[in-house]
A.B. asks: 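Here you go, one structure.
Below, chains carry the letters A, B, ... as their sequence lines are ordered, and counting in each starts from 1.
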Number of protein chains: 2
Amino acid sequence: MDPRPALNTDPHEVGARLRRMRQARGISLSELARRAGIGKATLSGVENGSRNPTLETLWAITAQLGVPLAAVLDPPADPLQVYGKAAEATLLQVFDEGPVTFELYRLRVRPGITQRSPGHHAGVTEHITVFSGTLCAGPAQRPLTAGPGEFIKWTADSEHIYTTMGEEEVHATLLMRYPLVDGV
Amino acid sequence: MDPRPALNTDPHEVGARLRRMRQARGISLSELARRAGIGKATLSGVENGSRNPTLETLWAITAQLGVPLAAVLDPPADPLQVYGKAAEATLLQVFDEGPVTFELYRLRVRPGITQRSPGHHAGVTEHITVFSGTLCAGPAQRPLTAGPGEFIKWTADSEHIYTTMGEEEVHATLLMRYPLVDGV
DNA sequence: CGCTACCGTTCCGTTTATGGAACGCCTCCG
DNA sequence: CGGAGGCGTTCCATAAACGGAACGGTAGCG
């Protein structure tokens with residue numbers, strides 16, 4: 001089926017994501033096509049990856065699903081990756097909530113290595129929510145552990161570490177909370 | 001039928017962004033088209049907004065510019081607002097982690113109103129991490145509460161609610177976990 | 001049973017995005 | 001000067017995305 005070796009953004013991935021989103025919402029293909037004002041044939045083809053949708057078509061679909069178009073594209077070929085080779089954090093979003101700023105990262109920690117991070121500014125806190133694997137993180141001298149569905153929170157103004165418990169790679173979200181220090 | 005909702009993803013806007021990015025890099029239209037392996041006519045049309053590019057074409061262009069595809073779409077705020085007027089969820093990112101899909105939302109809940117949400121498909125779970133305020137959420141008949149830094153998790157296959165405890169607006173992240181529904 | 005109502009896929013004529021080859025326009029030399 | 005080589009746009013045959021109308025499959029129901 002694949003005439004060429006897996007293009008970066010391949011239609012199958014996009015289609016699969018669309019189909020999953022549609023099914024998660026309990027809408028039939030016909031119904032979604034009707035609401036989006038496109039042909040069933042088109043939607044079927046897009047979901048199966050056998051078509052290469054135009055921007056307009058893709059917009060019509062995602063708009064009806066109520067998601068931004070970017071949500072169905074390949075997850076960020078994200079330029080911003082901090083930390084070292086044990087832990088990798090990609091910045092997803094920045095929120096400015098008046099006096100504080102939140103930075104939301106997706107965090108992956110590889111097993112077997114301990115990642116150290118120097119302290120940040122005073123008042124900075126980190127919240128980590130684990131969704132797979134078991135993470136050990138926090139202040140270097142007093143780290144905490146969390147399994148799937150659990151979270152860790154600490155003030156990040158001293159050196160802290162990230163490591164895994166066990167051999168499984170850890171997937172988590174990391175939320176950094178920066179209080180606004182006058183001016184900045 | 002549908003009063004056409006002012007096309008958010010306007011080809012002219014997309015084209016203008018592409019042109020600006022290209023010019024910022026000091027590359028000519030011909031040169032970019034050559035590198036991206038597309039026709040000059042195509043790139044010209046896309047930049048002028050007179051064409052409706054396919055995903056493949058758009059990918060070829062953005063890849064050569066070294067930016068994620070999402071960068072040329074309506075950039076900052078493309079807020080999906082699900083739920084009602086008490087709770088507002090903005091989809092930030094979709095992760096495909098093998099057999100499951102995660103959708104990460106930013107959640108805001110206004111005080112004083114209770115938001116109800118119908119059940120999702122079987123196996124869907126919701127994880128909420130609260131940053132500020134105190135949230136009461138979960139299955140309608142057995143909701144849970146969480147304050148700043150705390151965490152709520154439940155299976156979302158029955159009706160569930162979101163409301164605040166107290167007068168403060170609640171800020172949180174919502175992680176929806178969708179198990180893979182059959183085939184793909 | 002047939003009849004209806006959906007579902008998702010496939011067929012097919014129409015529409016349109018595509019890229020090669022013009023085009024007109026510049027600037028840079030010989 | 002004229003010619004060469006760059007630019008961005010336009011022309012046009014071809015390929016492909018589009019939607020309407022089939023199709024087979026699966027309930028529900030009298």
A.B. asks: Only one of B:I113, B:L107, B:I152 forms a side chain to side chain contact (heavy atoms under 4.5 Å, CB included) with B:Y162, so which one is it?
C.D. replies: B:L107

A.B. asks: Run the side chain to side chain donor-acceptor pair (under 3.5 Å) test against B:T54 and tell me which residues pass, sequence neighbours left out.
C.D. replies: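 Per chain and number, B:T54 pairs via side chain to side chain donor-acceptor pair (under 3.5 Å) with B:T57.
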
A.B. asks: What pairs with B:T164 under side chain to side chain contact (heavy atoms under 4.5 Å, CB included), at least two apart in sequence or on another chain?
C.D. replies: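 By the side chain to side chain contact (heavy atoms under 4.5 Å, CB included) rule, B:T164 matches B:V109, B:P111, B:V170.
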
A.B. asks: Between A:R22 and A:I27, which heavy-atom pair has the shortest distance, and what is it?
C.D. replies: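 Answer, listing the atom of A:R22 first, then A:I27: NH1-O, 2.9 Å.
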
A.B. asks: Could you give the start and end, 5' to 3', of the contact zone on DNA chain D for chain B, using atoms under 4.0 Å from its heavy atoms?
C.D. replies: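 Range of nucleotides within reach of chain B: D:dC7 to D:dC11.
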
A.B. asks: Please list every donor-acceptor pair under 3.5 Å in which a side-chain atom of residues 32-42 of chain B meets a protein atom from a residue at least two apart or in another chain.
C.D. replies:
residue : atom : partner : partner atom : Å
B:R34   : NH1  : B:E31   : OE1          : 2.5
B:R35   : NE   : B:E31   : OE2          : 2.9
B:T42   : OG1  : B:R51   : NH1          : 3.4

A.B. asks: Ignoring hydrogens and angles, tell me if any N or O in the side chain of B:T145 forms a donor-acceptor pair with the backbone of B:L135 under 3.5 Å.
C.D. replies: no

A.B. asks: Which residues satisfy the side chain to side chain donor-acceptor pair (under 3.5 Å) test with A:E168, sequence neighbours excluded?
C.D. replies: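 Side chain to side chain donor-acceptor pair (under 3.5 Å) check on A:E168 returns nothing, list empty.
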
A.B. asks: Treat primed atoms plus P, OP1 and OP2 as sugar-phosphate and everything else as base, then score nucleotides 9-28 of chain C 5' to 3': B for base contact with protein heavy atoms under 4.0 Å, S for sugar-phosphate contact only, - for none.
C.D. replies: BBB-----SBBB--------

